[in-house]
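Single-structure report; data block below.
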Amino acid sequence: RRSSDLFFKKAFEAQTVERKFFGLHLRQQLAGLARHTPAERQATGGTAIKLSNAADTLTLLSGIAYLFKKKKIPFSPSDVLVHRLDRETTGCLLIAKSPAAHITLQKQFEDRTVQKTYLAIVAGVPNPPSAVIDASIGRSSVDRTKMTVLGSGKSREARTTYRTLQTAKGSALLACDLHTGRTHQLRVHLYAIGYPILGDPTYVSSVSERLSQEFDIQHLCLHSWKLQFASSADGKEHAVEVEPPETFQSSLKKIGLHL
């Protein structure tokens, strides 16, 4: 049986798929789709993700297969996901609608021509209010599940630009541009300069832990806000922007921040 058939079958077996899984913003004229990934749903190709308030689990690819079948778009599991988001990160995720588009879009990520802007709520008020973080990242030798800033040959170049949008109650809302795409890059970089993201259980300081508890923040305050890429369908640049989900908006209100 073709692998795509297996994905379709798995997707259709989940009774709450359409209601619970999809919050998609389709751009049918493009070679790619931009979707909003709610927290608690993992943006990886083969790992099960739990649907909120549902016992069923399914992979992101199963969900995409379901969507493609509804839209009558040919589906190939190996030619869909263009990039990844961390498990608890919400926001824009680019999905290729054809193998040719997958190649074109992935090359844009490799060439670093895709503009990626994230929103992050951090502990502390950054000084300076805007800066470029140019620090290589590699896997921690102490905890292999974590990444860290390294100067050794086993690290990979990583570059982030941040700018402070607002501050309140010892916290700040930042807009961050990713110039590279390393694992946990934003979380590691902001933690390394002393301003960890609120709600992050992995890259946490005593201050971020205290503030997360004080404001009852139980999710990672990191959102993929904007994507700009060139579509192979029309050769034009397209910008996609997704407003943060209710959980992120609620955290902003609790702290007294506004987007």
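Computed over heavy atoms, backbone and side chain alike; hydrogens, waters and symmetry mates excluded. Keep in mind the model is a prediction, meaning the values are calculated, not measured.
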Does the side chain of Tyr118 pick up a donor-acceptor pair with the side chain of His223 at under 3.5 Å?
no
Do the side chain of Ser130 and the main chain of Arg163 share a donor and acceptor less than 3.5 angstrom apart?
no
Is Ser224 reaching over with its side chain to a backbone N or O of Cys92, donor-acceptor style, under 3.5 angstrom?
yes
Close side-chain approach of Leu198 and Ser171, heavy atoms under 4.5 Å
yes
Any side-chain heavy-atom pair of Thr89 and Leu220 under 4.5 Å
yes
Between Arg139 (side chain) and Arg144 (backbone), is there a donor-acceptor pair under 3.5 Å?
yes
To the nearest 0.5 Å, tell me how far Lys97 NZ sits from Asp79 CG.
15.0 Å
d(Arg187 CZ, Asp200 CG) to nearest 0.5 Å is 4.0 Å
I'd like to know if the side chain of Arg112 and the backbone of Gln108 have a donor-acceptor N/O pair within less than 3.5 Å.
no
Parallel, tilted or perpendicular: which describes the rings of Tyr203 and His184, with under 30° parallel and over 60° perpendicular?
perpendicular
Tyr195 side chain to Asn127 main-chain N or O, any donor-acceptor pair under 3.5 Å?
yes
Exercise: identify the closest heavy-atom pair between Thr117 and Ala175:
CG2-CB, 4.4 Å
Do Leu174 and Leu165 make a side-chain contact, defined as non-hydrogen atoms from C-beta onward lying under 4.5 Å apart?
no
Flag the pair Glu237 / Gln228 as yes when at least one side-chain heavy-atom distance between them is below 4.5 Å, and no otherwise.
yes
Has His219 got a side-chain atom pairing as donor or acceptor with Gly199's backbone, closer than 3.5 angstrom?
no
Please tell me whether Ile217 and Leu259 are part of a single hydrophobic cluster in this structure, the criterion being side-chain heavy atoms less than 4.5 Å apart.
yes
What do the steps show when you test Arg182 against Met147 for side-chain contact (heavy atoms from CB on, under 4.5 Å), and what is the final call?
CA-CA 9 Å; Arg182 306 306 177 207; Met147 308 300 287; over 6 Å; no
Looking only at atom types and distance, does a side-chain atom of Asp86 sit under 3.5 Å from a main-chain N or O of Glu88, one as donor and one as acceptor?
no
Taking the side chain as every heavy atom from C-beta outward, state whether Tyr191 and Thr202 have any pair of such atoms under 4.5 Å apart.
no
Report whether Val122 and Ile255 are members of the same hydrophobic cluster (ILVMFWY, side-chain heavy atoms less than 4.5 Å apart, transitive linking).
no
Are Leu81 and Leu85 linked, directly or through other ILVMFWY residues, by side chains that come within less than 4.5 angstrom of each other?
yes
For the pair Leu94 and Phe109, evaluate side-chain contact (heavy atoms from CB on, under 4.5 Å) and give the outcome as yes or no after the intermediate values.
CA-CA 11 Å; Leu94 198 57; Phe109 275 88; 3.9 Å; yes
Could you grab the distance from atom CD1 of Ile137 to atom OG1 of Thr183, nearest 0.5 Å is fine?
8.5 Å
I want to check something: taking the side chain as every heavy atom from C-beta on, are Val114 and Leu227 in contact at a cut-off of under 4.5 Å?
yes
Determine, using the 4.5 Å side-chain heavy-atom cutoff (strictly less than), whether Leu173 and Trp225 are members of one ILVMFWY cluster.
yes
Which atom pair, heavy atoms only, marks the closest approach of Thr164 to Pro129?
OG1-O, 2.7 Å
Does a side chain donor of either Asp111 or Thr113 reach within less than 3.5 Å of an acceptor in the other side chain?
no
Contact summary for Thr148 and Ser140, nearest pair of heavy atoms:
CG2-CA, 3.9 Å
Please identify which of these residues, Lys116, Arg159, Glu157, Gln185, meets the side chain to side chain donor-acceptor pair (under 3.5 Å) condition with Thr180.
Gln185
Do you know the tightest heavy-atom contact between Cys221 and Ile197?
O-CG2, 3.4 Å
Heavy atoms, side chains only, cut-off 4.5 Å: are Gln115 and Asp177 in contact?
no
Any donor-acceptor pair under 3.5 Å from Ser208 side chain to Ser205 backbone:
yes
Measure across Lys254 and Lys169 and return the closest heavy-atom pair with its distance rounded to 0.1 Å.
O-NZ, 3.4 Å
Taking every non-hydrogen atom, the tightest pair across Ile121 and Ser251
CD1-CB, 4.0 Å
Within-4.5 Å side-chain heavy-atom neighbours: Val240 and Phe229
yes
If hydrophobic clusters are built from ILVMFWY residues whose side chains come within less than 4.5 Å, do Val204 and Val149 share one?
no
For the side chain of Ser250 and the backbone of Glu246, is there at least one donor-acceptor N/O pair under 3.5 Å apart?
no
Side-chain donor-acceptor pair under 3.5 Å between Thr160 and His189, yes or no?
yes
Looking at CG of Leu119 and CG of Leu257, how far apart are the two atoms once the value is rounded to the nearest 0.5 Å?
11.0 Å
When rounded to the nearest 0.5 angstrom, what is the spacing between CG in Leu190 and CG in Leu222?
8.5 Å
Would you call the rings of Phe75 and Phe68 parallel, tilted or perpendicular, taking 30° and 60° as the class edges?
perpendicular
Approximate separation, where rounding is to 0.5 Å, of Leu178 CG and Leu186 CG
4.5 Å
